[in-house]
A.B. asks: 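This is the structure, below, for whatever I ask next.
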Amino acid sequence: MGQQIDESYSGTELLAVGEQALANYNAWIVRQFVRYFRRSDTTGPAVLDFGAGIGTLSVIFERDSGVRPTAVELDANQQTTLRRRNIET
């Protein structure tokens, strides 16, 4: 029988630290998307945050655009954090 492999992401704590340490960079990244999003000719606002981690960029995007992204994240611990932050998954 095969050995059980732990597939959980071990960098969750680093994402939380990076959220604070990289606040200006994260805000800049999101501004680039918000600017494009506002100019685009979409039929309705829809944003997918794929590989959302703990939702750092989703939170900023919603704050800056008023549009709540849907987050996709495979790691169960990070999914828990997303739900705790009221981010749709």
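Note that the numbering runs from 1 along the sequence shown for the chain.
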A.B. asks: Could you tell me which non-hydrogen atom of Val30 sits nearest to which non-hydrogen atom of Phe61, and how far apart they are?
C.D. replies: CG1-CA, 3.5 Å
A.B. asks: Is there a side-chain contact between Glu73 and Leu82 (heavy atoms, below 4.5 Å)?
C.D. replies: yes
A.B. asks: Spell out, yes or no, whether Phe33 and Phe50 are grouped together once hydrophobic residues are joined by side-chain heavy atoms under 4.5 Å, including indirect joins.
C.D. replies: no
A.B. asks: Less than 4.5 Å apart, side chain to side chain, heavy atoms only: is that true for Thr56 and Ile60?
C.D. replies: yes
A.B. asks: Hey, does Gln78 have a side-chain heavy atom less than 4.5 Å from the side chain of Leu15?
C.D. replies: yes
A.B. asks: Quick check: closest heavy atoms across Gln79 and Leu74, and the distance to 0.1 Å?
C.D. replies: NE2-O, 3.5 Å
A.B. asks: Give me the atom names and distance for the closest heavy-atom approach of Ile87 to Pro69.
C.D. replies: CG2-O, 4.4 Å
A.B. asks: Identify whether Val47 and Ile29 are in the same connected component of the hydrophobic contact network (ILVMFWY, side-chain heavy atoms under 4.5 Å).
C.D. replies: yes
A.B. asks: Side chains of Ile54 and Glu19: closer than 4.5 Å at any heavy-atom pair?
C.D. replies: yes
A.B. asks: Give the intermediate values and the outcome of side chain to side chain contact (heavy atoms under 4.5 Å, CB included) for residues Leu57 and Asn26.
C.D. replies: CA-CA 7 Å; Leu57 300 181; Asn26 290 334; 3.8 Å; yes
A.B. asks: Can you tell me if Gln32 uses its side chain to pair, donor with acceptor, with the backbone of Trp28 under 3.5 Å?
C.D. replies: yes
A.B. asks: Do the side-chain N and O atoms of Ser58 and Asp49 include a donor-acceptor pair separated by under 3.5 angstrom?
C.D. replies: yes
A.B. asks: Is there side-chain contact between Thr89 and Val72, with at least one heavy-atom pair below 4.5 Å?
C.D. replies: no
